[in-house]
Amino acid sequence: METFLTKTDAGSNRNTTVDKDSILNALKQVKYPGFSRDIVSFGLVRGVDINDGHVSVSLAITTSDSDIPKKLHADVDNALKNAGYINAEITISVAPSTQPHATTHSASGAAPDRALAGVKHVIAVASGKGGVGKSTFAVNLAVALEKELAKQGKSGRVGLLDCDIYGPSVPLMIGLKGRPEVEGDSLVPLENFGIKVMSMGFLVDEDTPVIWRGPMIMKTIQQFAANVAWGELDILIVDLPPGTGDAQLSLVQTIPLRGAIIITTPQLAAVSVAKRGAMMFGKVNVPLLGVVENMSYLQAADGSRQNIFGEGGGAEAAKSLKTELIGQIPLDSDIREGSDQGIPISISHPTSSAGKAFFSIAKHIIEKIALS
Ligand code: ADP
């Protein structure tokens, strides 16, 4: 790890009201070289400190191109000076890129710009913990989006990236098996129900548990996300691993996300877990598109509803995350059966209560990201 450190000329800051928000706002003006995205939303700013009126800013990037830290340093310095911080200390830690092809660069050193060049919007599906139905939701949302976009004459423009490296369940849920072909240095997604799918499950052996360690997780996820031949897509849904560890962070820093959807269950006890899972997006300036409550209720034959897992968790999570509750999906044995058989309920029972909930969320997302 190389450190790139300078102090601009000594003297006190001209800006008399030194505050973190205004420094961050200044940093948001700085784009990562070659990208339209700013360094704050890319998650590259590791620290902003104010000590006795002296400002220090630290960045961590991964690249093998020595011009990038130089350019970043100059741009950060300029942005801070423009905001009145004339003697800020700027530290840029540079970890060398491990990518074999160092010709294209991104925040992570991998090349998602190339892999995702034809992808209009990437949306992450996340949860604070496992078992809440995150993958089930990701699969059914992808199916519903595909069908809704097909109505507008845009078929085959939805992708699904399963980054749940601990338990990739998407292949089973969407009825896909096999190894992806390699074209050049990219993996070719498999396809079912009109959706292009890539999963770690296609690459690892079903019966062999994979034990991942920190640095390995980051590297694998970054390379995995950066080397899929998606082609032209309107929406790529990314099924993130549950929680907020290294894997999630490296992913949200690798892929420019349009937004994130948080999945939770109805019990109020799940709210704090959902919030923890969502907070990471705030830190890297990825907007929340909403909260989805899964396993909301069980509907009896007479139409009455039973709140098996309590109620209010989704609304409460949405409120405390300052976003909206964009759907409630009932408990339905057809969902589980569909998952096990590889036929999502949005395909097999699109007009069931659960099916309708997925389609309504899909329409909402299409409107929200202005795809209609
Ligand atoms: P996660 O991705 O959060 O770990 P999964 O999507 O793998 O969770 O779901 C866990 C299990 O719960 C799966 O067997 C799935 O079929 C089942 N499941 C998820 N949502 C529902 C639901 N609304 N009704 C019935 N079963 C569900």
Side-chain angles (χ1 to χ4, degrees), residues 123-144 160-176 195 197-201 204 206 209-210 212 221 237-245 247-248 251 260-267 269-271 273-278 280 291-301 305-311 313-314 317 325-362:
I123 295 174
V125 174
S127 65
K129 61 173 184 145
V132 298
K134 176 180 53 58
S135 296
T136 307
F137 173 76
V139 166
N140 279 285
L141 175 67
V143 168
L160 177 59
L161 175 64
D162 174 15
C163 280
D164 196 339
I165 54 171
Y166 305 103
S169 45
V170 165
L172 180 70
M173 288 180 178
I174 204 159
L176 281 171
I195 297 158
V197 184
M198 184 48 65
S199 167
M200 204 61 101
V204 296
E206 241 174 76
V210 186
W212 299 95
I221 287 222
I237 299 293
V238 180
D239 183 7
L240 282 181
T244 51
Q248 293 77 0
L251 212 112
I261 302 172
I262 309 297
I263 315 301
T264 187
T265 48
Q267 64 263 56
V271 172
V273 181
K275 270 177 71 180
R276 230 184 5 255
M280 170 181 70
V291 169
V292 169
E293 186 185 84
N294 186 29
M295 309 186 185
S296 291
Y297 57 88
L298 184 68
Q299 196 156 358
R305 292 180 176 189
Q306 247 182 302
N307 299 316
I308 307 242
F309 291 129
E311 60 185 314
L325 179 64
I326 55 172
Q328 289 177 293
I329 300 154
L331 269 166
D332 187 334
S333 58
D334 285 336
I335 291 189
R336 201 222 6 96
E337 274 166 35
S339 289
D340 291 348
Q341 288 160 4
I343 306 169
I345 196 166
S346 298
I347 295 280
S348 61
H349 301 82
T351 54
S352 62
S353 297
K356 282 185 190 153
F358 288 121
F359 278 92
S360 143
I361 297 165

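In listed order, ligands and their atoms are each counted from 1.
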D164 to K134 - nearest heavy-atom pair and separation: OD2-NZ, 3.5 Å
Rounded to the nearest 0.5 Å, what separates atom CD1 in I335 from atom CD1 in I329? 6.5 Å
Ligand 1 contact by E337, heavy-atom criterion under 4.0 angstrom: no
So how far is it from I326 CD1 to I262 CD1, rounded to the nearest 0.5 Å? 10.0 Å
Show the atoms of ligand 1 that are less than 4.0 angstrom away from any heavy atom in P330. 22 (C), 23 (N), 24 (N)
If you measure every N or O of V132 against every N or O of ligand 1, does any of those distances drop under 3.5 Å? yes
protein heavy-atom neighbour closest to atom 8 (O) of ligand 1 works out as G133 N, 3.0 Å
Considering only the protein, which heavy-atom contact is closest to atom 21 (C) of ligand 1, and what is its distance? I335 CG2, 3.6 Å
Please write down residue, atom name and distance for the protein heavy atom closest to atom 15 (C) of ligand 1. T136 OG1, 3.6 Å
Looking only at heavy atoms, which two atoms of M295 and T265 are closest? And how far apart? SD-CG2, 4.5 Å
Spacing of CE belonging to M200 relative to CG belonging to L161, to within rounding of 0.5 Å: 8.5 Å
Could you tell me which atoms of ligand 1, counted from 1 in the order shown, lie closer than 4.0 angstrom to a heavy atom of K134? 1 (P), 2 (O), 3 (O), 6 (O), 8 (O)
Should N294 be counted as touching ligand 1, given the test is an N or O pair under 3.5 Å? yes
What residue and heavy atom of the protein are closest to atom 26 (N) of ligand 1, and at what distance? R336 CB, 3.9 Å
Give the residue and atom name of whichever protein heavy atom lies nearest to atom 2 (O) of ligand 1, and the separation in Å to one decimal. S135 N, 2.9 Å
In terms of heavy-atom contacts, S348 and P350 come closest through C-CD, 3.5 Å
All heavy atoms of L298 vs all of L331, minimum pair found to be CD1-O, 3.7 Å
Show me which atoms of ligand 1 lie under 4.0 Å from any heavy atom of S339. 16 (O)
Considering only protein heavy atoms, determine whether one is less than 4.0 Å from atom 11 (C) of ligand 1. no
Polar proximity ligand 1 side, D332 side, N/O cut 3.5 Å exclusive: yes
Kindly give the heavy-atom pair with the smallest separation between N140 and P344, and that separation in Å. OD1-CB, 3.3 Å
Please round to the nearest 0.5 Å and tell me the distance separating atom CG of L172 and atom CG of D162. 11.0 Å
Number the atoms of ligand 1 from 1 as they appear, then name those within less than 4.0 Å of a heavy atom of L331, with their elements. 23 (N), 24 (N), 25 (C)
How close do P266 and G310 get, counting heavy atoms only, and between which atoms? CB-O, 3.3 Å
Rounding to 0.5 Å, atoms OG (S199) and CE (M173) come to a distance of 10.5 Å
Test item, G131 contacting ligand 1 (heavy atom, 4.0 angstrom): yes
Which atoms of ligand 1 have any heavy atom of M173 under 4.0 Å away? 5 (P), 6 (O), 7 (O)
Of all the non-hydrogen atoms in the protein, which one sits nearest to atom 18 (N) of ligand 1, and at what distance? M295 CE, 3.9 Å
Sub-4.0 Å heavy-atom approach of A354 to ligand 1: no
